[in-house]
Amino acid sequence: KKISDILEKCAPKPGVPADLQNLLSQHFSESRSVIEKEELKLSDSCFLPANDLTHSFSSYLKEICPKWAKLRKNHKEKKSVVMLIICSSALRSLELIKSMTAFKGDCRVLKLFAKHIKIKEQMDMLEKGMFHIGVGTPGRIKALVEKDGLCLNSTKYMILDWNWRDQKLRRMMDIPEIKKETIDLLEMSIIKLCREGSVKLGLF
């Protein structure tokens, strides 16, 4: 059965932390030792409240991040963002940037996807300017972290665009390439930061 056939018949359920936890444990079940799997586990305390499908993007961000104005004011580090938003495509990134106007105020948002933007340009912008929010695709964000263009030390929030569906009714984690790149990014450094308590994960 095609995923879209199944989805047409049943109402979408909002994503919850257990969905991501199960996805990770399935992904790592074959290839990792027991100890490694323990280190890649995310507990409920790593998560922000998930979107119950009643929120707009701005209202969701306001709920999970009530102290945004203060966080934004205190952010002084270059090469970093306070909030990272991960979604499945460049087009979806642009939609999300538009739809968070009410939340972001005058803070600076950086597009972190590959379409029409060279990685070198993004690295230069991160090097020279101060950005509060990064919105983009997991592949490009991962590449920026690997090249030391983006530093995650001052990142406090990572939001996955979990519930949104494309024209084929696929969510980001239903697309094999996006799913793999997202898990790679999480494994690379985000899981460790979540377990240490410095980053919180949200499922929108």
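Sequence positions, counted from 1, serve as the residue numbers for this chain. Just so we're clear, the structure is a prediction, and the values are computed from it rather than from any experiment.
Residue-environment remark: NZ (Lys76) exceeds the threshold of 12 foreign heavy atoms within 6.0 Å.
With a 4.5 Å cut-off on side-chain heavy atoms, Leu201 and Cys194 count as touching. Counting heavy atoms from C-beta outward, Asp106 and Arg72 have side chains that approach closer than 4.5 Å. Two residues are said to be in side-chain contact when any heavy atoms from C-beta on lie closer than 4.5 Å; Lys78 and Glu127 fail this criterion. At a threshold of 4.5 Å between non-hydrogen side-chain atoms, the residues Tyr60 and Ile159 count as touching. Side-chain contact between Leu110 and Val135: absent, with no pair of heavy atoms (C-beta onward) separated by less than 4.5 Å. With a 4.5 Å cut-off on side-chain heavy atoms, Cys87 and Leu96 count as touching. Contact annotation: the side chain of Asn51 never approaches that of Trp162 to less than 4.5 Å [non-hydrogen atoms, C-beta and beyond]. For the pair Trp68 and His132, the minimum side-chain heavy-atom distance is below 4.5 Å.
Residues satisfying the side-chain hydrogen bond (donor to acceptor under 3.5 Å, both in side chains) test with Arg32, not counting sequence neighbours, are Glu187.
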Is there a side-chain contact (heavy atoms from CB on, under 4.5 Å) between Leu48 and Leu203? Walk through the geometry before answering. CA-CA 8 Å; Leu48 297 155; Leu203 305 181; over 6 Å; no
With salt bridge (Lys or Arg N to Asp or Glu O under 4.0 Å) as the criterion, how do Lys98 and Glu95 come out once you've worked through the C-alpha distance, each side chain's angles and the decisive distance to 0.1 Å? CA-CA 5 Å; Lys98 271 198 194 114; Glu95 269 177 35; over 6 Å; no
CA sep, side-chain torsions, deciding dist, call: Asp174, Met172, side-chain contact (heavy atoms from CB on, under 4.5 Å): CA-CA 5 Å; Asp174 298 325; Met172 64 184 283; over 6 Å; no
Using the rule given for side-chain contact (heavy atoms from CB on, under 4.5 Å), can you reason through Ile175 versus Lys179, listing the C-alpha separation, both sets of side-chain angles and the distance that settles it, and then say yes or no? CA-CA 6 Å; Ile175 304 166; Lys179 175 180 158 183; over 6 Å; no
Pair Ile86, Ile141 - check side-chain contact (heavy atoms from CB on, under 4.5 Å), show working. CA-CA 8 Å; Ile86 316 277; Ile141 291 169; 3.4 Å; yes
Check the pair Lys180 / Glu177 against salt bridge (Lys or Arg N to Asp or Glu O under 4.0 Å), numbers first and verdict last. CA-CA 5 Å; Lys180 186 188 177 308; Glu177 186 189 340; over 6 Å; no
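Atom OG of Ser89 and atom CH2 of Trp164 lie 5.0 Å apart (nearest 0.5 Å). Here the CE atom belonging to Met100 is positioned 6.0 Å from the CZ atom belonging to Phe57, to the nearest 0.5 angstrom. To the nearest 0.5 Å, atom CG of residue Leu61 and atom CD1 of residue Ile85 are 5.5 Å apart.
Checked by atom type and distance alone, the side chain of Asn22 never pairs as donor or acceptor with a backbone atom of Asp19 at under 3.5 Å. A distance-only check finds a donor-acceptor pair linking the side chain of Glu36 to the backbone of Ser33 [under 3.5 Å]. Between the side chain of Thr182 and the backbone N or O of Ile178 there is at least one donor-acceptor pair closer than 3.5 Å. Judged by distance alone, with hydrogens and angles left aside, the side-chain atoms of Asn163 form a donor-acceptor pair with the main-chain N or O of Phe204 at under 3.5 Å. Judged purely by atom type and a 3.5 angstrom limit, Gln122 uses its side chain to pair as donor or acceptor with the backbone of Phe113. For the pair Gln21 (side chain) and Leu42 (backbone), a donor-acceptor distance under 3.5 Å is present. With hydrogens and angles ignored, the 3.5 Å screen pairs no side-chain donor or acceptor of Lys79 with any backbone N or O of Met125. A donor-acceptor pair is defined here as one N or O able to donate and one able to accept, closer than 3.5 Å; no such pair exists between the side chain of Arg170 and the backbone of Arg165. Put simply, the side chain of Lys120 never gets that close to the backbone of Ile117: no donor and acceptor are under 3.5 Å apart.
With hydrogens and angles left out, the side-chain atoms of Ser43 and Ser45 include a donor and acceptor closer than 3.5 Å.
Met188 is connected to Leu40 through a chain of hydrophobic side-chain contacts under 4.5 Å among Ile, Leu, Val, Met, Phe, Trp and Tyr, so both are in one cluster. Note on Leu112 and Leu160: same hydrophobic cluster, where clusters join Ile, Leu, Val, Met, Phe, Trp and Tyr whose side-chain heavy atoms are under 4.5 Å apart, directly or indirectly.
Closest of all the heavy-atom pairs between Thr101 and Ser58 is N-OG, 3.8 Å. The two residues Phe103 and Cys65 make their nearest non-hydrogen contact at CE1-O, 4.2 Å. Minimum heavy-atom separation, Pro14 to Leu53: CB-CG, 3.6 Å. Minimum heavy-atom separation, Gly136 to Ser93: CA-OG, 3.5 Å. Residues Ser80 and His75 approach most closely at OG-CE1, 3.1 Å, considering heavy atoms.
Each of Thr155, Leu186, Val199 was evaluated against Leu193; a single residue qualifies, Val199, per the side-chain contact (heavy atoms from CB on, under 4.5 Å) test.
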